[in-house]
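A quick write-up on the structure given underneath.
Here the structure is a predicted model, which means the values were calculated and not measured.
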Amino acid sequence: MQQQKWLITGVSTGLGLAFAQAALTAGHTVVGTVRSEEDLWAFEGLKPGYAHGRILDVTDDDAVSSVITEAEQSVGPLDVVVANAGYGLEGTFEETPLADVRRQFEVNVFGAVATLQAALPHMRQRRRGRLMAVTSMGGLMAVPGMSAYCGSKFALEGILEALGKEVAQFGIHVTAIEPGSFRTDWAGRSMTRTVRSIDDYDELFTPIREARQKASGNQLGNPAKAGDAVVHIASVDQPPAHLVLGSDALRLVTDARTAVDEDIRAWEPLSRTTDFAEGAQL
């Protein structure tokens, strides 16, 4: 496998760390962003000379651009950029403060967009590169109590799909990574939970929140295997636009997309009634 230079945001824990470890094990160089000096030294200790830590808040657009420009200059041309940094926000739609929804989008959507936009000009000039972002199975299906999180991931999915079609002409591949439930701390320390305030949602939502907390630490997905999968697609000539990770994600995403298809078919006659008799088809 040809050695590559990677940049991955959010490598202190979870899937970001697993992706970085897999890339380092494969002999690649990784620039990993973290939020503290302690995490920086821990990351660089994984493989001195190959693991390069950078402190970064992905919601600081100027800092994102500076880190990527500096990495291009000091480490070398980036072959793979993975916008991984993000977090979960759990709570029913009505109970979730608007400020929390905005913050969810600032990190999960705009942080990823800033990362990919900063890397894109360098890759476009070289006419090659791999841009990836971690969305979620929650970017292709939605569950009660995760409206803000799923909304942010649905938004990122749309951005990535359009981006991939724009930059294919430049030899740049774009992949949305859609993990299911993995044995990380996503449902624990990395999850923000809204305060319950409306009793009407208790019957629906209380069992969902309890089940998620109970399953934390015993999820089906193996982060190390996810890392190997992501490193693999970074080496193939035609990587997927969508990479679903985990059998649970495969099942839930397939069921959700089948339900959408059924709605479209069931209401197709009504959909067709809204056309002019003559007009331009897209």
Side-chain angles (χ1 to χ4, degrees), residues 1-35 39-56 58 63-86 111-135 160 163-164 167 170-179 182 184 223-241 243 245:
M1 182 185 295
Q2 183 178 359
Q3 288 190 345
Q4 298 170 324
K5 292 182 173 61
W6 290 53
L7 183 141
I8 306 171
T9 62
V11 299
S12 58
T13 60
L15 287 178
L17 177 58
F19 299 158
Q21 289 174 321
L24 291 168
T25 298
H28 304 310
T29 297
V30 180
V31 179
T33 76
V34 296
R35 296 295 302 276
D39 288 339
L40 186 151
W41 299 125
F43 176 70
E44 292 193 337
L46 293 177
K47 193 172 183 180
Y50 289 84
H52 303 269
R54 299 290 186 271
I55 295 177
L56 178 66
V58 295
V64 171
S65 180
S66 295
V67 163
I68 288 180
T69 298
E70 184 274 331
E72 285 268 341
Q73 294 170 349
S74 65
V75 178
L78 297 172
D79 301 294
V80 183
V81 171
V82 184
N84 164 75
V113 168
T115 301
L116 301 181
Q117 278 194 338
L120 179 54
H122 303 283
M123 292 185 176
R124 177 172 51 78
Q125 290 171 6
R126 291 190 289 267
R127 291 300 197 261
R128 61 179 173 81
R130 310 294 176 103
L131 295 175
M132 304 184 196
V134 178
T135 65
L160 294 171
L163 172 61
V167 301
F170 307 129
I172 300 170
H173 299 283
V174 178
T175 298
I177 303 168
E178 296 133 350
F182 275 79
T184 68
K225 292 181 179 180
D228 291 341
V230 169
V231 170
H232 173 69
I233 66 161
S235 68
V236 300
D237 291 337
Q238 294 297 324
L243 179 66
L245 296 176

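Take Thr69 and apply the side chain to side chain contact (heavy atoms under 4.5 Å, CB included) test, not counting sequence neighbours, and it matches Ser65, Gln73, His122. Under the rule for a salt bridge (Lys or Arg N to Asp or Glu O under 4.0 Å), Glu44 has no partner lying at least two apart in sequence or in another chain. Here Gln125 pairs with nothing under the side chain to side chain contact (heavy atoms under 4.5 Å, CB included) rule; sequence neighbours left out. Remark: Leu160 pairs with Leu116, Ala133, Thr135, Leu156, Val174, Ala176 by the side chain to side chain contact (heavy atoms under 4.5 Å, CB included) rule, at least two apart or across chains. Listed by chain and number, the residues in a side chain to side chain contact (heavy atoms under 4.5 Å, CB included) with Ala114 are Asp61, Val64 (sequence neighbours excluded).
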Worksheet item: Under the side-chain contact (heavy atoms from CB on, under 4.5 Å) criterion, do Val30 and Phe19 qualify, and how do the steps go?
Response: CA-CA 10 Å; Val30 180; Phe19 299 158; over 6 Å; no

Worksheet item: Given Val75 and Arg54, is the side-chain contact (heavy atoms from CB on, under 4.5 Å) satisfied, shown in steps?
Response: CA-CA 12 Å; Val75 178; Arg54 299 290 186 271; 4.0 Å; yes

Practice prompt. Under the side-chain contact (heavy atoms from CB on, under 4.5 Å) rule, what do His52 and Thr29 come out as? Steps first, then yes or no, please.
Written response: CA-CA 8 Å; His52 303 269; Thr29 297; 3.5 Å; yes

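Looking at Lys47, its side chain does come within 3.5 Å of a backbone N or O of Leu24 through a donor-acceptor pair. Between the Arg130 side chain and the Thr175 main chain, no donor and acceptor come within less than 3.5 Å of each other.
In this structure, Asp39 CG and Leu17 CG are separated by 9.5 Å, a value rounded to the nearest 0.5 Å. Summarising the geometry, atom CG belonging to Leu131 is positioned 10.5 Å from atom NE2 belonging to His173; distances are rounded to the nearest 0.5 Å. Atom-to-atom distance recorded for Leu120:CG and Thr115:OG1 is 12.5 Å, nearest 0.5 angstrom. Atom-to-atom distance recorded for Trp41:CH2 and Leu46:CG is 13.5 Å, nearest 0.5 angstrom. Residue Ser235 holds its OG atom at 7.0 Å from NE2 of His28, rounded to the nearest 0.5 Å. A distance of 8.0 Å separates CG of Leu245 from CD of Glu178, quoted to the nearest 0.5 Å.
By the 4.5 Å heavy-atom criterion applied to side chains, Val80 and Leu7 are not counted as neighbours.
Contact record, Gln4 with Ala234: NE2-O, 3.0 Å, taken as the closest heavy-atom pair. Here the shortest heavy-atom pairing between Pro121 and Ala118 reads CD-O, 3.6 Å. Summarising the geometry of Ala224 relative to Ala18, their closest heavy-atom pair is N-CB, 4.4 Å, with the distance given to 0.1 Å. Between Ile8 and Gly16, the shortest heavy-atom contact is CG2-O, 4.1 Å. Minimum heavy-atom separation, Val81 to Met123: CG2-CE, 3.8 Å. Annotation for Phe43 and Gly32: closest pair CE2-N, 3.6 Å, computed over non-hydrogen atoms.
Within the structure, salt bridge (Lys or Arg N to Asp or Glu O under 4.0 Å) pairs that include any residue of residues 71-83 comprise Glu72-Arg126, Asp79-Arg128 (at least two apart or interchain).
Heavy-atom neighbours of Tyr50 OH from other residues, nucleotides or ligands within 6.0 Å: at or below the threshold of 12.
Partner Asn84 forms a side chain to side chain contact (heavy atoms under 4.5 Å, CB included) with one of Thr33, Val58, Thr9, Val11 and no other, that one being Thr9.
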